[in-house]
Trainee: 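Would you mind keeping the following structure in view while I ask a few things?
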Amino acid sequence: MKELAAKYSAKDVEDKWYAYWLAHKFFHSEPNEKEPYTIVIPPPNVTGILHMGHVLNNTLNDVLIRKARMDGKNACWVPGTDHASIATESKVVARLKEQGIRKEDIGREEFLRHAWEWKEEHGGIILQQLRKLGCSCDWDRTRFTMEPALSEAVINTFVYFYKKGWIYKGVRMVNWDPEALTAVSDDEVIHKDTKSHFYHLKYYISDGAGQPTDKFLVIATTRPETIMADAAICVNPADERHHWLKGKKVLIPLINKEIPVIEDDYVEMDFGTGCLKVTPAHDVHDYEIGLRHNLPVLDIIDEHGKLNEKARILVGEDRFVARKKIVKMLEESGNLVKTEEYISPVGYSERTDAVIEPRLSAQWFLKMDQLAKVALETVESGRTQFIPEKYVNTYRHWMENARDWCISRQLWWGQRIPAYYLPDGSYVVEATPEAALKAAQAKNPSLKAEDLHQDEDVLDTWFSSWLWPISVFDPQKPGHPDHQPNADLAYYYPTNDLVTGPDIIFFWVARMIMAGEEFMGKEPFSNVYFTGIVRDKIGRKMSKTLGNSPNPLDLIETYGADAVRIGMLLCSSAGNDIFYDEAQIKQGAAFCNKIWNSYRLVKGFAVSEDVKQTDTQRHGVDWFAAKLSETIGVVEDHYRKFRISDALMTIYKLFWDDYCSWYLETIKPPFGQPIDPQTYKATLEYFEALLKLIHPVMPFITEELWQDIMPRKEGETIMYAPTPKAEAYDPSILEKFSLAAEAVNGVRAIRAQRNLPPKETLPLKIKASAYPGIPLIEKMANVKVTLIEEFGDTQGVAFMVGTHELFVTLEGRVNVAEELEKSRKDLDYQQKFLAGVRAKLSNERFVQNAPAAVIENERKKEADSLSKIKSLEEKIAFLETSM
RNA sequence: GGGCGGUUAGCUCAGCUGGUUCAGAGCACCUGCCUUACAAGCAGGGGGUCACUGGUUCGAAUCCAGUACCGCCCACCA
């Protein structure tokens, strides 16, 4: 690099270095004798595109992995994508719909062909986008949850649990998504308070022959369209108001169907009317009551959420249309007593936002009790730590109440459940059709392959991603606890850190822990860092419909990847939602520019053997060495505690304030003059150390400049430069420097307040026999320092650094009245402060109870204050005489 | 309805087991500077009753209790 531009241009360097890193396989890891450091990526949806949440998450991952790499560990970041069953399938369905094709018409095979096509077209775009961000994933290890080996792992796992007796098929009330036409798990249902109505309906008592009498009871319901499926009316046996109903039968309005009145504790007496209509097919609790009382189940709503012929009326109507219509009909028939406004929690599908319909269907379940128990222990024992810790509570609560996991989905995109049905309706579960046939023939030797029919459902996506930390290394392992782990798995497992959002703590994190414990007997990661959710400036979630989500690639294009990374990290403490603001990215870009320009300065120094290092320069060099070591200690501590944004801010200030504003200004030779070799060498070394420190956060600009500091060989990279280590240093160096710096600040403040030109050298008197860093003060503050015993009777402005008194003489330019007023104010403050300290010291109980160090400190405060008061009084006296 | 977390400067947040002059940082803001690395900059500056109330203590932003508001998780009183 010959001429450095005045501004840093990210565009010119990012692609270049990323290509260089790839060409040299710097991201690739193989097991070796070094300590491994492993991260598996939270696999994004295969057809997804990069959003701000990904940027946050993957920036954090990349910072951790790059840091570990520079710390000398064998760092491996495994990337990949998730097939995302529902999300992908619904996208493919939508696309086919545009072409006028319905998936039912083309059949499974053909549909899957389209889906794979779609995956080939869109799959992996997001991984390309991660490259733009600078992510140092081991791309050779890229995995996909539905690639053959990983699918096999999923199937094996299913067979394993089935044979263990933990997977069972059962008819259950499931959360049915009438839009996606599949069952979803409890966790995929979002309850939202929704305005609805509470309809009070009259049910007339039957005369025993199916005719209404004039007596009736009143029930309250939010779902009048389901009355045709009522199997009973239920009252609490303790409810005296309803004792007269015992043994009676009532008639369902409109269809006049006779149903019994039953009694069950479940009914709350003081809710609604105390009479509950029991509709076993369309409500979970009602289903359970139905089981207890042996009630018939009548399912009147089809998979699309429309009333079927069993409803007898309103057949073919959508459930919500039917609701409106039936209310009208009930009103006309006189059965509607009243309608109340009512807000109740309604379940919505996480994916499609359709209102969930409780629906009875045959589904596959995985028992959770044992798995959850073990996985809870993993976290409670601290073998896996959550950052921040507060999520342990959430986790515990869920684990203690985990319900069996509904793992079947009525979809095609995914791993098909390896259950094979025999003509007699029984089934066998085996990993392959061949094995299934064998198992079937054991039951019935005459069976042939074509007699078997595989279950139509696929498995929940999470049933594959829970294996991720294992299967990416050794897909043979899941489902085979006795299988000897291959070399990769043995080396990389357990992984170190997982960075993910708290929204998938149950979906994914908890289940990975379960699978890890079950198949490996060991937790899948040591630490889980939960990020916050990225929100916009005013706190709204980023969403497509709101249009408040910027395209990260545009931002990278505009500001550079390093700037975007800084922008995301600046305000992201673990577990806190982060409020995205483009201003932060601008701040990142400004920092890039600052680094760039500091390098321009350093690189522009002419070095001459004939020049000797000055005292000031030596002072600066010694000081920064100490400062650097001190700060590295702080940074390491932040990293250990996963306080990434604090680590970043600490380095940011070290670079900007300490290195640029203090150090460089201190050692900078006069304009046009060369610098001595000793100082130059130190300056470059410090610069390089800073680059290394900040590299995990800003990979591109640091590589660009590191490569330019000195000639590097092909194949060298800052990526593998060791993290700078803190050296032992003398803390008094820092103390002395800060005394000097405070003197400089004091003079600068006086200059600024009084509008004194920076070019004018001012006389600075210090009342002391010695003061540290006088040459430095003279250079930085543009003053001429004299050490004196008394100020004498010259005019000027005094200030204090600690207990030292300093004085800028400004003969004839001092507004005595103003100075006097200011000094009196200071004196007043000091006297009050002293009074406070003395009150403390004269408090017997304080002196008795407080630790010695604290008392000692109060004494020192008292002494300091007294000395300040003394000099203020002297000053005031002097000023008064010169009025 | 149950649980968890939060409330500190205009904004986003630090402040670990109570005690250094503890009330902080970054950004934003104000003032003055085109000082030959950087105006994406330099120097200086203002700004907070630490949500509220009470308690514990010699001493509370920090510990305890209550109140208010905010957020998250869990939970289908039909």
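Residue numbering restarts at 1 for every chain, and letters A, B, ... go by the order of the sequence lines. The figures here come from the full heavy-atom set of this structure, side chains too, leaving out hydrogens, waters and symmetry mates.
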Trainee: In whole Å, measure the gap between the P atoms of G44(B) and C27(B) for me.
Mentor: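 About 14 Å, rounded to a whole number of Å.
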Trainee: State the pairing partner of C29(B); accept Watson-Crick or G-U wobble contacts with both distances under 3.5 Å, and report none otherwise.
Mentor: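 Pairing partner, where one exists within any strand: G45(B).
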Trainee: Rounding to the closest angstrom, what is the interatomic distance between G18(B) and A25(B) at atom P?
Mentor: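 Straight-line distance between the two P atoms is 24 Å.
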Trainee: Under 4.0 Å, counting only non-hydrogen atoms across every strand here, what does V847(A) touch: a base, just sugar-phosphate, or nothing?
Mentor: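 The residue V847(A) makes no contact with any strand.
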Trainee: If stacking means aromatic ring centre less than 5.5 angstrom from the base's six-membered ring centre, planes under 30°, is F271(A) stacked on C77(B)?
Mentor: yes
Trainee: Has R600(A) got a side-chain N or O lying under 4.0 Å from the OP1 or OP2 atom of A37(B)?
Mentor: no
Trainee: For C660(A), answer base if it contacts any base atom (sugar-phosphate contacts may also be present), sugar-phosphate if it contacts only those atoms, and nothing otherwise; contact means non-hydrogen atoms under 4.0 Å.
Mentor: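 Base contact.
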Trainee: Is a salt bridge present between D283(A) and K277(A), judged by a nitrogen-to-oxygen distance below 4.0 Å?
Mentor: no
Trainee: Measure from CD on E858(A) to C1' on C22(B) and round the result to the nearest Å.
Mentor: 13 Å
Trainee: Once you apply a heavy-atom cut-off of 4.0 Å, does D270(A) come out as touching a base, just sugar-phosphate, or nothing?
Mentor: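 If one applies the 4.0 Å heavy-atom cut-off, D270(A) turns out to touch nothing in the nucleic acid.
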Trainee: Using heavy-atom distances to pick each residue's nearest nucleotide on RNA chain B, tell me which of Y8(A) and T221(A) is more 5'.
Mentor: Y8(A)
Trainee: Would you mind checking if R223(A) and E357(A) are paired as a salt bridge, meaning a charged N to carboxylate O distance below 4.0 Å?
Mentor: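 Salt bridge present between E357(A) and R223(A).
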Trainee: Could you check how far CD1 of I595(A) sits from C1' of A40(B), rounded to whole Å?
Mentor: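 Rounded to whole Å, this separation is 13 Å.
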Trainee: Taking any heavy-atom pair under 4.0 Å as a contact, classify A749(A): base, sugar-phosphate, or nothing.
Mentor: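 Sugar-phosphate contact only.
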Trainee: Suppose you measure atom P in G26(B) against the same atom in G46(B); what distance do you get, rounded to whole Å?
Mentor: 15 Å
Trainee: Would you measure the distance from the P atom in U12(B) across to the matching atom in U53(B) and give it in whole Å?
Mentor: 24 Å
Trainee: So which nucleotide from C42(B), C77(B), A40(B) ends up closest to the side chain of E268(A)?
Mentor: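 Comparing C42(B), C77(B), A40(B) against the side chain of E268(A), the answer is C77(B).
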Trainee: For G15(B) and G24(B), measure between their C1' atoms and round to the nearest Å.
Mentor: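 Each nucleotide's C1' atom is 7 Å from the other's.
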Trainee: Regarding E665(A), tell me which of base, sugar-phosphate or nothing describes its non-hydrogen contacts under 4.0 Å with the strands shown.
Mentor: base
Trainee: Could you tell me which nucleotide pairs with A23(B) by Watson-Crick or G-U wobble geometry, both distances under 3.5 Å, or answer none if nothing does?
Mentor: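 In the structure as shown, A23(B) has no Watson-Crick or wobble partner.
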Trainee: Watson-Crick or G-U wobble partner for U35(B), using a 3.5 Å limit on both distances?
Mentor: none
Trainee: Could you pull out all donor-acceptor pairs under 3.5 Å where a side-chain atom in residues 740-749 of chain A meets a protein atom, sequence neighbours excluded?
Mentor:
none

Trainee: Mind checking N593(A) for me? I need base, sugar-phosphate or nothing, with any heavy atom below 4.0 Å counting as a touch.
Mentor: base
Trainee: Which of these nucleotides, G44(B), C76(B), C38(B), is closest to any side-chain atom of R403(A)?
Mentor: C76(B)
Trainee: What nucleic acid atoms does E357(A) come within less than 4.0 Å of, heavy atoms only: base, sugar-phosphate, or nothing?
Mentor: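 No contact.
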Trainee: N597(A) has an atom CG; how far is it from atom P of C38(B), in whole Å?
Mentor: 6 Å
Trainee: Taking the six-membered ring where the residue is Trp, are the ring centres of Y391(A) and F530(A) under 6.0 Å apart?
Mentor: yes
Trainee: Using purine N1 to pyrimidine N3 plus N6-O4 or O6-N4 for Watson-Crick, or N1-O2 and O6-N3 for G-U wobble, each under 3.5 Å, what pairs with C50(B)?
Mentor: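 Here C50(B) is not engaged in any pair, so there is no nucleotide opposite it.
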Trainee: Mind calculating the distance between CG (D186(A)) and P (C73(B)) to the nearest angstrom?
Mentor: 16 Å
Trainee: How many Å lie between CG on L569(A) and P on A25(B), as a whole number?
Mentor: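 From L569(A) CG to A25(B) P: 21 Å.
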Trainee: If we call it a pair only when both distances are under 3.5 Å in a Watson-Crick or G-U wobble match, what pairs with C63(B)?
Mentor: G55(B)
Trainee: Is a salt bridge present between K860(A) and D864(A), judged by a nitrogen-to-oxygen distance below 4.0 Å?
Mentor: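 The answer is yes: the pair qualifies as a salt bridge.
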Trainee: Is there a side-chain contact (heavy atoms from CB on, under 4.5 Å) between L376(A) and Y395(A)? Walk through the geometry before answering.
Mentor: CA-CA 8 Å; L376(A) 175 58; Y395(A) 180 81; 4.2 Å; yes
Trainee: Any strand is fair game: report the nucleotide pairing with G1(B) by Watson-Crick or G-U wobble, both distances under 3.5 Å, or none.
Mentor: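 The base-pairing partner of G1(B), which may sit in any strand shown, is C74(B).
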Trainee: After noting the C-alpha distance and the side-chain angles of F687(A) and F655(A), does the key distance pass the ring-ring contact (aromatic ring centres under 6.0 Å, His included) rule?
Mentor: CA-CA 9 Å; F687(A) 188 79; F655(A) 212 135; 5.8 Å; yes
Trainee: Give me the distance, rounded to whole Å, that separates A61(B) from U7(B) when you measure between the P atoms they each carry.
Mentor: 15 Å
Trainee: Distance check, P atoms only: C69(B) and C52(B), in whole angstrom units.
Mentor: 16 Å
Trainee: Return no unless some side-chain N or O of K668(A) is found under 4.0 Å from OP1 or OP2 of A37(B).
Mentor: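 Yes, because at least one side-chain N or O of K668(A) sits under 4.0 Å from OP1 or OP2 of A37(B).
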Trainee: Closest nucleotide of RNA chain B for R643(A) versus for H282(A): which of these residues is on the 5' side?
Mentor: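 Its nucleotide being nearer the 5' end, the pick is R643(A).
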Trainee: Counting only side-chain nitrogens and oxygens, does K641(A) get under 4.0 Å of the OP1 or OP2 atom of A14(B)?
Mentor: no
Trainee: Ignoring hydrogens and angles, does a donor from either the side chain of Q753(A) or the base of A43(B) sit under 3.5 Å from an acceptor on the other?
Mentor: no
Trainee: Using atom names, set out every protein N or O paired with an N or O of nucleotides 1-5 of chain B below 3.5 Å, distance rounded to 0.1 Å.
Mentor:
residue: C4(B); atom: O3'; partner: N393(A); partner atom: ND2; Å: 3.4

Trainee: Check the orientation of F833(A) and Y829(A). Use parallel for under 30°, tilted for 30 to 60°, and perpendicular for over 60°.
Mentor: parallel
Trainee: Just the rounded figure in Å: distance from P of A37(B) to CG of D657(A).
Mentor: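 From D657(A) CG to A37(B) P: 19 Å.
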